[in-house]
Amino acid sequence: MDYKFSEIEKKWQKYWVENATYKVKEDSSKKKFYVLDMFPYPSGAGLHVGHPLGYIASDIFARYKRQQGFNVLHPMGYDSYGLPAEQYAIQTGQHPAVTTAKNIARYREQLDKIGFCFDWSREVRTCEPNYYKWTQWAFIKMFNSYYDNDANKALPIEELIAKFEKDGNTNVNAANNCTVKFSASDWKSYSEKEKEQILLAYRIAYLADTKVNFCPALGCVLANDEISEGVSVRGGYPVEQRVMRQWSLRVSAYAQRLLDGLDKIDWSDALKETQKNWIGRSEGAEMDFAVKGQDLKLKIFTTRCDTIHGVTFMVLAPESEYVAKVTTADQKAAVDDYLAQVKRRTERERISDRRVSGVFSGSYAINPITEKEIPIYISDYVLAGYGTGAIMAVPAHDSRDYAFAKHFNLPIIPLIEGADVSEESFDAKEGIMMNSGFLNGLTVKEALKTAKKYIKEKGIGEVKVNYRLRDAIFSRQRYWGEPFPVYYKDGMPHMLDESKLPLELPEVSDFKPTESGEPPLGHAENWCTPEGYPYELNTMPGFAGSSAYYLRYMDPTNDKALVSKEANQYWKSVDLYVGGTEHATGHLIYSRFWNKFLFDLGIVCEDEPFRKLINQGMIQGRSNFVYRIKDTNTFVSLGLKKDYDVTPIHVDVNIVNNDILDIEAFKAWRPEFETAEFILEDGKYVCGWAVEKMSKSMFNVVNPDDIVDKYGADTLRLYEMFLGPIEQSKPWDTKGIDGVNRFLKKFWGMFFTGDNFDVVKAEPTAEEQKSIHKLIKKVTGDVETFSYNTSIAAFMICANELTSLKCKNAEVLTKFVTVLAPFAPHICEELYHLLGNTGSVCDAQWPSYDEKFLVESSVKYPISFNGKVRFTLELPADMDKADVEKTALANDQTIKLLDGKPTKKVIVVPGKIVNIVF
RNA sequence: GCCCUGAUGGUGGAAUUGGUAGACACGCAGGACUUAAAAUCCUGUAAUCAUUGCGAUUGUACGGGUUCAAGUCCCGUUCGGGGCACCA
């Protein structure tokens with residue numbers, strides 16, 4: 001009986017839909033398990049064979065957990081706001097909603113073919129009003145909250161107002177960007193607008209003039225994680241610095257909690273490390289340096305307060321507010337000139353061109369410990385946004401300061417014994433201090449401690465922690481995103497009442513910015529409240545909609561809340577999250593922040609959203625090449641190309657089979673190859689190959705639909721998992737797929753004799769038991785550790801064993817079907833029913849294994865001599881050590897190999913190995 | 001520059017606490033079936049030498065070390081992938 005995968009797969013996919021097999025409800029009688037995939041942005045190109053990798057991995061786990069009796073939530077949806085649809089709209093006029101809907105339909109069609117156990121009744125789309133209502137709602141909550149550093153959580157803004165009314169802001173310990181200090185009476189004397197302006201500097205969602213990364217090509221501001229090396233991650237367009245009035249989220253207030261939370265979650269070390277780098281905690285001290293002849297103190301931040309005796313100058317960031325104050329009249333022209341020069345440089349130039357530049361301000365500062373005078377410089381190697389925008393420079397022990405000192409001929413004082421600073425600085429935190437007054441003779445570590453204590457005691461400064469993590473800029477000058485629930489009155493932002501949500505995205509006549517340079521929403525008619533107050537023209541960024549979607553899946557149709565208390569209490573958080581590593585510093589930081597904020601408000605019960613996370617590796621493409629002899633239309637086969645001067649040309653992998661080119665298909669592929677001639681080897685044209693990114697331009701894209709058509713979804717699922725460990729990147733090579741396909745055919749064949757379904761009800765033999773229990777043990781262990789590739793090898797081994805045993809035993813085969821079901825659900829569902837079961841194989845209980853079937857009566861001992869294995873000896877498993885040794889030594893081959901030499905030592909590891917040393 | 005990862009046959013990969021390196025596949029070669037092809041099945045397949053059989057030597061990026069025994073542990077080096085990067 002042939003394995004007709006196409007019929008089988010269609011049949012059961014239909015059955016699963018009709019029987020709502022994958023619909024899941026909260027059920028307090030069962031333990032829950034939440035398996036989540038990072039939802040896709042539905043791009044126009046559709047899915048290639050790399051996309052489903054993670055989905056298959058999570059699908060197997062979800063099915064496995066279900067078979068173990070868990071109530072499994074395994075939803076899917078679409079991150080459907082985003083730039084590509086909008087760029088396409090600008091080019092073609094096609095509304096992004098139309099493109100997006102079309103792309104979603106295509107994705108869904110492709111996903112459906114693979115047989116996932118998604119509960120589609122819980123689907124979310126970030127661009128739908130009933131979804132983004134809750135994105136807007138969370139934003140309002142953030143606007144109405146501030147971060148209290150003492151309580152270490154977000155609190156209602158009303159509590160802050162109460163504090164201001166009582167004491168002003170002098171004793172308030174809250175995250176802020178407020179530049180004024182005021183008393184209670186000052187507060188009371190302020191106008192409403194002034195009060196609002198101050199509160200804005202404390203809100204978690206705040207509007208401020210911020211130095212932003214603006215990308216002219218995209219017409220849009222970008223967040224830090226959307227830029228890499230001075231260009232936009234999407235598109236690679238240049239980015240420049242601008243000051244713009246933008247919404248931001250005070251993510252930085254959560255820096256420490258985001259860092260601490262990493263210890264509680266089961267993520268890879270690499271990913272945790274990436275997040276740690278991104279958060280960038282550094283512990284140090286803030287110190288005041290007095291400016292000579294002025295009533296002014298400059299605050300600096302340093303992590304090396306042990307090096308204070310080696311400070312020979314100070315540097316201010318060009319943007320520092322102190323610059324104007326310390327610039328003397330004689331230096332004003334030079335400073336202005338430098339500032340202008342800095343302003344002209346783009347971020348990219350600054351990164352790529354690291355010449356030393358700077359200018360003397362004319363003023364001197366006093367080192368608070370040595371009381372020496374040191375010059376104050378201005379240079380763009382000091383960043384305004386980090387620490388205090390001012391540093392104490394220790395050229396002997398900081399390479400950047402060293403370069404600056406050399407360039408401006410400033411003194412360099414070594415502080416560590418034996419450190420040679422004639423050619424470069426000594427940055428390492430090790431050695432014994434010298435030239436350092438009270439720190440002399442201490443190790444660097446001791447000196448750090450002592451110096452901190454000293455600074456605190458003498459009131460010179462305070463111990464402080466700084467973070468690299470910045471607030472997230474939340475405004476985008478784009479159309480295809482969530483509208484802000486904000487209107488403006490008297491120039492100040494106000495939130496819509498929650499009852500007015502969602503504020504729906506309006507239609508616009510043009511997706512480009514307006515003539516006056518306003519964002520596209522400037523084209524919308526009547527984009528204002530019924531009272532006539534204008535709405536915000538920016539929209540939210542891509543990460544807005546993806547920050548809390550995992551919560552919405554718990555209760556997707558609730559119109560009273562983002563998620564009900566009951567649903568949230570039941571599902572709690574995501575137990576297994578599978579997705580790509582490219583979201584390490586974006587989505588995975590923002591959603592943790594967003595979740596912690598909702599946790600502070602008591603809306604969710606867990607403060608970390610994703611308990612375990614697996615990063616699936618990328619599927620790379622395997623490209624094929626043909627070699628054209630230069631200036632001809634003749635192509636030479638791989639093995640012969642060394643004799644010619646050739647140009648390699650990418651050729652569509654779909655017309656190459658096992659690296660042999662289909663010549664006729666190649667001629668038909670493109671008009672210019674129609675008359676191509678070939679130099680063959682053994683009558684064949686052999687192509688070269690390389691592993692590259694899977695992309696259209698390399699002609700190496702493989703579409704899962706084609707694989708499903710040719711081999712079936714179960715084969716595709718199995719093969720993707722068989723390729724190797726999920727976390728690892730690996731090339732896709734369709735030629736290997738025959739192996740798993742053969743396995744499924746063989747597996748199918750095990751249930752038939754001729755065309756008849758043929759299994760027998762009987763007690764399994766010991767050998768059958770051993771084979772199947774070995775399989776159950778292996779697969780159970782492998783699934784728990786996501787080593788699916790080795791599970792599949794185990795299935796193949798078991799199928800081979802049972803075939804050679806001619807096993808037709810119903811009990812054994814049912815167990816096989818049950819453990820294979822998560823991997824290959826269609827074929828297993830069919831066989832499960834043929835075996836006489838009713839209901840879905842999805843609910844077939846995961847079998848347990850019994851060690852008693854696995855015990856071996858004998859062990860094949862490798863007998864090694866000086867570590868080299870010479871032969872094996874089959875001995876009873878329960879033979880004790882001394883007897884094993886005796887038997888091994890008495891063996892003919894041993895005697896021959898020893899050749900009369902005395903043994904020095906004999907090592908016997910029971911059950912494992914014998915090693916004879918002579 | 002700093003941090004994290006990884007390197008095993010022609011290819012993808014396996015080896016769970018140090019215990020027969022190369023499981024399972026792909027590919028390749030030979031054979032069976034067939035008029036032929038496809039499909040299927042069987043055998044071989046790390047390298048070198050030997051080959052009538054027995055075998056021997058080398059081998060997990062490279063160089064050292066620990067151990068009866070190292071892909072696995074330790075030290076150093078090279079190369080690939082990822083992250084951070086004038087972050088004081």
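The figures that follow rest on heavy atoms only: side chains count, while hydrogens, waters and symmetry mates do not. Below, chains carry the letters A, B, ... as their sequence lines are ordered, and counting in each starts from 1.
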Of the listed nucleotides ([options]), which one gets closest to any side-chain atom of [X]?
{"X": "T790(A)", "options": "G27(B), C86(B), A14(B)", "answer": "A14(B)"}
{"X": "W278(A)", "options": "U40(B), C84(B), A88(B)", "answer": "C84(B)"}
{"X": "S282(A)", "options": "A85(B), A88(B), U40(B)", "answer": "A88(B)"}
{"X": "P725(A)", "options": "A14(B), C86(B), G27(B)", "answer": "A14(B)"}

Check [Y] with [X], please: is the shortest side-chain N to carboxylate O separation under 4.0 Å?
{"X": "K770(A)", "Y": "E801(A)", "answer": "no"}
{"X": "R622(A)", "Y": "E692(A)", "answer": "no"}
{"X": "D782(A)", "Y": "K778(A)", "answer": "yes"}
{"X": "K777(A)", "Y": "E851(A)", "answer": "yes"}
{"X": "E283(A)", "Y": "K452(A)", "answer": "yes"}

What are the two closest non-hydrogen atoms of [X] and [Y], and how far apart are they?
{"X": "I300(A)", "Y": "T388(A)", "answer": "CA-OG1, 3.3 Å"}
{"X": "V394(A)", "Y": "D401(A)", "answer": "N-OD2, 2.9 Å"}
{"X": "G580(A)", "Y": "M38(A)", "answer": "N-SD, 3.7 Å"}
{"X": "S282(A)", "Y": "T303(A)", "answer": "CB-CG2, 3.8 Å"}
{"X": "F752(A)", "Y": "G754(A)", "answer": "CB-O, 3.8 Å"}
{"X": "Y861(A)", "Y": "I913(A)", "answer": "CD2-N, 3.9 Å"}

Looking only at the aromatic ring of each residue, does the gap between the centers of [Y] and [X] stay below 6.0 angstrom?
{"X": "F823(A)", "Y": "F795(A)", "answer": "yes"}
{"X": "F408(A)", "Y": "F313(A)", "answer": "no"}
{"X": "Y788(A)", "Y": "F722(A)", "answer": "no"}
{"X": "W732(A)", "Y": "Y719(A)", "answer": "yes"}

Rounded distance (Å) that lies between atom [atom2] of [N] and atom [atom1] of [X]:
{"X": "D401(A)", "N": "A88(B)", "atom1": "CG", "atom2": "P", "value": "12 Å"}
{"X": "N741(A)", "N": "C24(B)", "atom1": "CG", "atom2": "P", "value": "19 Å"}
{"X": "I916(A)", "N": "U20(B)", "atom1": "CD1", "atom2": "C1'", "value": "14 Å"}
{"X": "L383(A)", "N": "A88(B)", "atom1": "CG", "atom2": "C1'", "value": "9 Å"}
{"X": "Y467(A)", "N": "A88(B)", "atom1": "OH", "atom2": "P", "value": "13 Å"}
{"X": "K684(A)", "N": "G27(B)", "atom1": "NZ", "atom2": "P", "value": "13 Å"}
{"X": "Q616(A)", "N": "G82(B)", "atom1": "CD", "atom2": "C1'", "value": "15 Å"}

side-chain contact (heavy atoms from CB on, under 4.5 Å) involving D266(A) - partner list, sequence neighbours excluded: K612(A)
Using only side-chain N and O atoms of [X], determine if any of them is under 4.0 Å from OP1 or OP2 of [N].
{"X": "R870(A)", "N": "A56(B)", "answer": "yes"}
{"X": "N466(A)", "N": "A88(B)", "answer": "no"}
{"X": "Y861(A)", "N": "U20(B)", "answer": "no"}
{"X": "R468(A)", "N": "C84(B)", "answer": "no"}

Which part of the nucleic acid does K868(A) contact within heavy-atom distance under 4.0 Å: base, sugar-phosphate only, or nothing? sugar-phosphate
With 3.5 Å as the limit, what N/O pairs link the protein to nucleotides 2-12 of chain B?
{"from": "C3(B)", "atom 1": "O2'", "to": "E273(A)", "atom 2": "OE2", "distance (Å)": "3.1"}
{"from": "G12(B)", "atom 1": "O2'", "to": "L723(A)", "atom 2": "O", "distance (Å)": "2.5"}

Given the [atom1] atoms of [N] and [M], what is the spacing between them in whole Å?
{"N": "U78(B)", "M": "C68(B)", "atom1": "C1'", "answer": "32 Å"}
{"N": "G10(B)", "M": "C62(B)", "atom1": "C1'", "answer": "23 Å"}
{"N": "U17(B)", "M": "G12(B)", "atom1": "C1'", "answer": "27 Å"}
{"N": "C79(B)", "M": "G63(B)", "atom1": "P", "answer": "16 Å"}
{"N": "G9(B)", "M": "A25(B)", "atom1": "C1'", "answer": "14 Å"}

From D733(A) CG over to N700(A) CG, what is the distance, rounded to the nearest 0.5 angstrom? 11.0 Å
I'd like a table of atom pairs between the protein and nucleotides 65-70 of chain B - only N or O on both sides, under 3.5 Å - with the distance next to each one.
{"from": "C68(B)", "atom 1": "OP1", "to": "K905(A)", "atom 2": "NZ", "distance (Å)": "3.3"}
{"from": "C68(B)", "atom 1": "O2'", "to": "N915(A)", "atom 2": "ND2", "distance (Å)": "2.9"}
{"from": "C68(B)", "atom 1": "O2", "to": "N915(A)", "atom 2": "ND2", "distance (Å)": "2.8"}

Residues in residues 793-803 of chain A with a heavy atom under 4.0 Å of RNA chain B, by number, are A793(A), M796(A), I797(A), N800(A)
Contacts to RNA chain B from residues 305-315 of chain A, heavy-atom cutoff under 4.0 Å, which residues? none
Say whether, by atom type as modelled, one donor and one acceptor occur between the side chain of W748(A) and the main chain of D2(A) under 3.5 angstrom. yes
For RNA chain B, the dot-bracket pattern of Watson-Crick and G-U pairs whose distances stay under 3.5 Å, | for other-strand partners: (((((((..(((......[....)))((((((.......))))))((((.....))))..(((((..]....))))))))))))....
Syn or anti conformation of G9(B), syn meaning chi within 90° of 0: syn
